[in-house]
Amino acid sequence: MALRLPTQLATPVNLHRDAFSSRRSFAPSDTLFSSFPSFVSSSSARRSCWLPVVRCTAQQTGPVNLAPGTPVRPTSILVVGATGTLGRQIVRRALDEGYEVRCLVRPRPAPADFLRDWGAIVVNADLSKPETIPATLVGIHTIIDCATGRPEEPIKTVDWEGKVALIQCAKAMGIQKYIFFSIHNCDKHPEVPLMEIKYCTEKFLKDAGLNHIIIRLCGFMQGLIGQYAVPILEEKSVWGTDAPTRIAYMDTQDIARLTFIALRNENMNGKLLTFAGPRAWTTQEVITLCERLAGQDANVTTVPVSVLRFTRQLTRFFEWTNDVADRLAFSEVLTSDTVFSVPMTETYDLLGVDAKDIITLEKYLQDYFTNILKKLKDLKAQSKQSDIFI
């Protein structure tokens, strides 16, 4: 039967750049979301925060009866954001476990051939162009959404407008399950546009009536390689802050494994889970660990938190630097006196996972440095063997 998409799918939201509400009230109405208050102050930030209001005019879509069409196999999944740090691990894990994997990838000059080489099907679509989405969902049972916007584009384009369009399409086309990756503590930082958008998307997904699992994440171990490990080995500057923030980094391979355990557990439907690593680390502790494993000191350049705050306020004066300011706001949270971690005992029990099977940051970085230093040693030996002496 023909499926009718929401009438306002092409323009799902109005997101104003000049104000974003720090109060989130979701009164029931004919729409999935009611309008947010235009201007309120953020008590958590202890100052007035004038942030852009998220206004969603998305219409509620009723249940879709797909019978008597061809049944959709529970093993058919669509991974959105498949080329990212987490997305590619989701794809690898899904393929290893026998799922039929389709990857939604934006058209790009360099095709994502590695996904095809692994055995996935790649389809071109763009969340910022809602009309390209429906065809990618045909025959799909589950959507795993780990997409986020590129650094050079406005946060709202993919992370809000694109996600609203995707969720609306999923509802209209009868997708059976939707897994959304969010950020830990996003509900506690309405002054940060990215975190506020993540929280609003969580609410939007819940109100859409889809079977879903929301997974909040703290940080990826993989991100520490480019940020600390490689610069130390190359004797380049390592950027840090003077803040005592602690982050419980987790290997994306472990995140992917736990995700599919939760996906197969029907008792997880509608759950909000938070995945965190075994221990929370400060920036200085991570740098010290990398120095020890690399066997050399780091050239650390410390950026005071006060400088980040001043830079953020300065960029707010110019319209063309608003997106920079939004990202600096997120950086400011990461460099504040905050702990991005949660106890995982209950989550492990729910998923039937042994905590000993989750890799620690020490082990992850030790394996990395051992492999890299061995390769450097082998390359040095090969270089000596190729020398010609006369």
Side-chain angles (χ1 to χ4, degrees), residues 1-6 9 12 32-33 58-82 86-87 89-105 115 119-123 125 127 130 132-147 162-182 198 201-216 255-273 275 350-352:
M1 60 177 292
L3 298 178
R4 179 175 298 176
L5 297 181
L9 183 60
L32 290 180
F33 267 30
Q59 294 181 349
Q60 180 69 54
T61 57
V64 178
N65 181 12
L66 299 180
T70 303
V72 175
R73 290 184 292 273
T75 54
S76 61
I77 66 172
L78 176 72
V79 180
V80 186
L86 176 59
Q89 295 300 337
I90 293 290
V91 173
R92 287 297 298 267
R93 187 75 193 187
L95 291 169
D96 290 344
E97 295 193 8
Y99 286 87
E100 303 163 24
V101 183
R102 188 183 302 171
C103 302
L104 189 156
V105 177
L115 297 173
I121 297 172
V122 176
V123 293
L127 294 185
T132 67
I133 299 174
T136 68
L137 304 184
V138 176
I140 292 297
H141 181 278
T142 299
I143 293 175
I144 301 181
D145 177 7
C146 37
K163 297 305 179 72
V164 166
L166 180 61
I167 292 169
Q168 288 178 322
C169 284
K171 178 66 175 179
M173 298 189 68
I175 297 299
Q176 300 298 301
K177 189 170 293 187
Y178 193 111
I179 295 180
F180 174 64
F181 289 102
S182 187
K198 288 290 187 182
T201 306
E202 291 180 6
K203 295 291 294 181
F204 191 89
L205 178 59
K206 292 176 184 177
D207 291 348
L210 287 165
N211 284 336
H212 68 274
I213 303 173
I214 296 171
I215 301 174
R216 293 181 178 179
I255 294 173
R257 182 167 64 89
L258 296 186
T259 296
F260 281 97
I261 293 174
L263 172 61
R264 291 189 294 270
N265 188 339
E266 293 300 321
N267 293 328
M268 293 295 104
N269 285 339
K271 293 285 188 181
L272 171 62
L273 305 174
F275 291 170
L350 284 172
L351 300 178

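Every heavy atom of this structure was used, including side-chain atoms; hydrogens, water molecules and symmetry mates were not.
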**Request:** Could you point out which residue of Ile213, Asn211, Ile179, Leu263 forms a side-chain contact (heavy atoms from CB on, under 4.5 Å) with Met268?
**Result:** Ile213
**Prompt:** Got Ile133 and Leu127 here, is their nearest side-chain heavy-atom distance under 4.5 Å?
**Reply:** yes
**Asked** Which value, rounded to the nearest 0.5 Å, describes the distance between Phe181 atom CZ and Ile255 atom CD1?
**Response** 7.0 Å
**Message:** Tell me the closest heavy-atom pair linking His141 and Arg73, and the distance in Å.
**Reply:** CB-O, 3.2 Å
**Prompt:** Rounded to the nearest 0.5 Å, what separation is found between the NZ atom of Lys198 and the NZ atom of Lys163?
**Reply:** 4.5 Å
**Message:** Please evaluate residues Arg102 and Ile140 with respect to the criterion side chain to side chain contact (heavy atoms under 4.5 Å, CB included), reporting the C-alpha separation (whole Å), side-chain torsions for both, the decisive distance (0.1 Å), and the verdict.
**Reply:** CA-CA 8 Å; Arg102 188 183 302 171; Ile140 292 297; 3.6 Å; yes
**Message:** Any heavy-atom pair between the side chains of Ile143 and Leu137 that's under 4.5 Å?
**Reply:** yes
**Message:** Does Arg264, at its CZ atom, have more than 12 non-hydrogen atoms belonging to other residues, nucleotides or ligands within less than 6.0 Å?
**Reply:** yes
**Asked** So how far is it from Thr142 OG1 to Phe260 CZ, rounded to the nearest 0.5 Å?
**Response** 9.0 Å
**Asked** Does Lys177 pair with Glu266 as a salt bridge, N-O distance under 4.0 Å?
**Response** yes
**Item:** Heavy-atom pair of closest approach, residues Cys146 and Gly87
**Value:** SG-CA, 3.5 Å
**Request:** Using a 4.5 Å cut-off on heavy atoms from C-beta on, say whether the side chain of Thr136 contacts that of Val80.
**Result:** no
**Complete:** For Ser182 and Ile214, the nearest pair of non-hydrogen atoms, with its separation, is CB-CG2, 4.3 Å
**Item:** Minimum heavy-atom distance Val101-Ala94, with the two atoms named
**Value:** CG2-CB, 3.5 Å
**Message:** Checking Tyr99 against Arg93 for the side chain to side chain contact (heavy atoms under 4.5 Å, CB included) test, could you report, in this order, the C-alpha distance in whole Å, the side-chain angles of both residues, the deciding distance, and whether it holds?
**Reply:** CA-CA 9 Å; Tyr99 286 87; Arg93 187 75 193 187; over 6 Å; no
**Message:** Quick one, Pro134 and Met173 - any side-chain contact, counting heavy atoms below 4.5 Å?
**Reply:** yes
**Item:** Under 3.5 Å: donor-acceptor pair, side chain of Thr75, backbone of Glu100
**Value:** no
**Prompt:** Do you know the tightest heavy-atom contact between Ala120 and Leu95?
**Reply:** N-CD1, 4.1 Å
**Asked** In Å, rounded to the nearest 0.5 Å, how long is the span from NZ of Lys206 to NE2 of His212?
**Response** 6.0 Å
**Message:** Could you go through Ile167 and Thr201, starting from their C-alpha distance and side-chain angles, then the distance that decides it, and tell me whether this counts as side chain to side chain contact (heavy atoms under 4.5 Å, CB included)?
**Reply:** CA-CA 9 Å; Ile167 292 169; Thr201 306; 4.1 Å; yes
**Prompt:** From Phe204 CZ over to Gln168 CD, what is the distance, rounded to the nearest 0.5 angstrom?
**Reply:** 4.5 Å
**Fill in**
Rounding to 0.5 Å, atoms CG (Leu205) and CG (Asp145) come to a distance of 9.0 Å
**Prompt:** Taking all non-hydrogen atoms of both residues, which atom of Asn265 and which atom of Leu350 are closest, and how far apart?
**Reply:** ND2-O, 3.7 Å
